[in-house]
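Below is one structure, written out as structure tokens; comments come after it.
We name chains A, B, ... by the order of the sequence lines, and we start the count at 1 in each one.
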Protein chains: 2
Amino acid sequence: MGRQHAERVDLAVSTVIFALRPSPDSDLMTLWLPLVRRIREPYEGRWALPGGWLSPEHDLETAARATLGRTTGLTPRYLEQLYAFGTLDRSADDTRVVSIVYWALVHADEAAQAIDSDNVEWFAVDDLPELAFDHRTIVDYAVWRLRTKMEYSRIAHGFLGETFTLAQLRQVHEAVRGCSFDPANFRRQILATGSLVDTGEHLTGTSHRPPRLYRYDTAVQPADHGPLTPSKEQA
Amino acid sequence: MGRQHAERVDLAVSTVIFALRPSPDSDLMTLWLPLVRRIREPYEGRWALPGGWLSPEHDLETAARATLGRTTGLTPRYLEQLYAFGTLDRSADDTRVVSIVYWALVHADEAAQAIDSDNVEWFAVDDLPELAFDHRTIVDYAVWRLRTKMEYSRIAHGFLGETFTLAQLRQVHEAVRGCSFDPANFRRQILATGSLVDTGEHLTGTSHRPPRLYRYDTAVQPADHGPLTPSKEQA
DNA sequence: ACAAAAGTGTTGCTCATACACCCATGA
DNA sequence: TCATGGGTGTATGAGCAACACTTTTGT
């Protein structure tokens with residue numbers, strides 16, 4: 001309570017980056033995210049969300065994208081603002097920091113391994129180390145938002161390639177939501193939304209009947225992206 | 001495009017304050033919000049959302065509450081962060097401003113009229129004047145959020161007193177959602193959520209059968225308030 | 001008695017779940 | 001031909017919209 005008041009408010013932008021990867025023990029897919037090790041006080045040595053100070057000439061979303069590129073070398077398949085965190089006590093020292101946090105989906109294949117430097121490491125969401133600042137709260141909230149949004153939105157797209165089978169799409173849902181779905185019912189529900197397009201092609205090389213490949217209908221918006229994309233007009 | 005880059009980023013907190021009031025023409029309830037007239041450039045004379053600069057010793061939510069008190073003299077019945085707006089071009093001059101916007105529900109009765117100074121005025125949401133900055137976008141988004149959240153949350157509470165009849169609650173929903181509901185079905189749906197408590201009392205003085213008075217069950221959270229209230233744990 | 005809104009009952013539709021069953025391919 | 005997952009059909013049940021009907025007050 002005897003803390004000094006900071007003289008100014010600093011503005012940072014951080015990003016919670018999600019990717020789907022096979023779990024080390026089971027061969028199921030699970031959620032992973034990259035963290036960076038802090039190289040200075042406060043919380044030196046602890047893991048933290050990737051981010052940086054907001055410079056006046058950068059857009060908020062641009063800053064989030066830049067962070068993402070720096071940390072993973074990837075382009076987000078989905079990016080959305082999460083929340084602005086700004087309580088007085090969130091920066092262990094006497095500075096006042098407001099962090100505007102974004103969350104992103106990428107599909108982590110080959111490229112992701114590239115930037116596996118000493119200071120960047122991927123962690124399974126349900127096996128995180130101790131985090132710096134209030135970043136644990138932030139991650140928990142981001143995971144909650146991802147799970148919730150997966151229920152009513154089409155963001156699973158962000159974890160997949162251009163074309164995919166219904167089984168792959170289902171596995172994404174199962175990994176994120178943490179439960180399994182009846183393949184038959186999942187198929188019908190997804191197709192009923194009309195957001196998928198049958199490419200006519202099939203995936204071969206499987207040891208069973210070759211499944212159809214689908215593509216997302218680009219005419220449909222994947223989700224409500226916030227206030228800036230005008231997709232929420234009413235008639 | 002030939003704009004100078006600002007030297008720093010300024011942080012503001014604004015609040016979209018909603019109240020339910022009888023419409024001037026029809027006697028239905030409609031959404032209203034207070035705006036303040038700008039007394040300096042840019043956009044001098046235009047109407048804008050109430051707000052102010054964020055000082056280092058104030059919490060984001062505290063700042064939003066303070067704005068609300070200054071403008072309306074009221075305490076919010078509901079308050080939630082809406083979004084952080086931070087595009088480069090949102091401040092007509094060459095300054096860079098990031099606004100963290102909150103939205104609030106109040107019930108505007110006697111007290112509200114008190115602060116009806118020259119610079120504060122209430123407007124019907126579907127009859128707004130031209131607003132300063134990107135505040136029109138912000139208001140539209142806030143209205144969308146209010147409508148959406150009303151569908152699955154219990155925030156209607158924010159517009160009502162301690163006890164209320166089901167008809168009053170239904171009228172709030174109808175005003176915000178913009179359509180009418182079957183009283184019979186509305187009753188069942190609301191009661192099925194288990195969020196209402198029968199006070200046992202009745203409202204008298206009506207020219208028909210006296211309706212029961214209900215109270216919200218305070219044990220149930222009204223809505224997911226964001227990341228800071230830990231109500232989104234899973235078992 | 002009558003109007004008007006509170007409150008209850010009932011029916012039919014839609015949609016999600018569960019699960020039985022056929023299809024097509026590799027081994 | 002068998003195993004495996006892709007894909008289709010269908011019965012059951014929950015929940016909601018629509019609307020008929022009964023109840024209780026003031027006038």
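Here A/Glu174 pairs with A/Arg170 in a salt bridge; the nearest charged N to carboxylate O distance falls below 4.0 Å. Ion pairing between a basic and an acidic side chain is recognised when a charged N comes within 4.0 Å of a carboxylate O; B/Arg65 and B/Glu61 show such pairing.
Between the CG atom of B/Leu166 and the C1' atom of C/dT8 there is a distance of 14 Å, rounded to whole Å. Here the P atom of nucleotide D/dG6 and the CD1 atom of A/Ile190 are 15 Å apart, to the nearest Å. A/Arg170 has its CZ atom 12 Å from the C1' atom of D/dG7, to the nearest Å. If you measure from atom CD of B/Gln168 to atom P of C/dA5, you get 14 Å, rounded to the nearest angstrom. Distance, A/Leu213 CG to D/dG6 C1': 12 Å, rounded to whole Å. For the pair A/Arg188 CZ and D/dT10 P, the computed distance is 11 Å after rounding to whole Å. One interatomic measurement links the two molecules: CG of A/Leu169 to C1' of D/dG7, which rounds to 16 Å at whole-angstrom precision. If you measure from atom NE2 of B/His208 to atom C1' of D/dT25, you get 9 Å, rounded to the nearest angstrom.
Here B/Ser99 pairs with B/Arg90 under the side chain to side chain donor-acceptor pair (under 3.5 Å) rule; sequence neighbours left out.
Within the 4.0 angstrom heavy-atom criterion, only backbone atoms of the sugar-phosphate kind lie near A/Thr206; the bases stay farther away.
For A/Tyr141 and A/Tyr83, the distance between ring centers is under 6.0 angstrom. Checked against the 6.0 Å centroid criterion, the rings of A/Tyr216 and A/His157 qualify as a close aromatic pair.
Ring geometry for B/Trp103 versus B/Phe18: interplanar angle over 60°, hence perpendicular rather than tilted (30 to 60°). Ring orientation note: the planes of A/His173 and A/Phe181 are nearly perpendicular, at an angle over 60° on the 30°/60° scale.
Heavy-atom distances under 4.0 Å link DNA chain C to A/Asp182, A/Ala184, A/Asn185 of residues 179-186 of chain A, given in residue order.
Under a cut-off of 6.0 angstrom, the local environment of CZ in A/Arg145 is crowded, with over 12 non-hydrogen atoms contributed by other residues, nucleotides or ligands. At most 12 non-hydrogen atoms from other residues, nucleotides or ligands lie less than 6.0 angstrom from CD of A/Glu130.
Distance from the side chain of B/Arg212 is smallest for C/dG7 among the nucleotides C/dT17, C/dG7, D/dT25. For A/Pro211, the side-chain atoms get nearest to D/dG6 when compared with the rest of C/dA24, C/dT17, D/dG6. Looking at the side chain of B/Arg209, the nearest of the listed nucleotides D/dG7, D/dT24, D/dG26 is D/dT24.
At D/dG7, one or more side-chain N or O atoms of A/Arg187 fall inside 4.0 Å of OP1 or OP2 (strictly under the cut-off).
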Fill in the blank from the handout: Intra- and inter-strand pairing of DNA chain C, written as dot-bracket with Watson-Crick and G-U pairs under 3.5 Å and | for the latter, reads |||||||||||||||||||||||||||
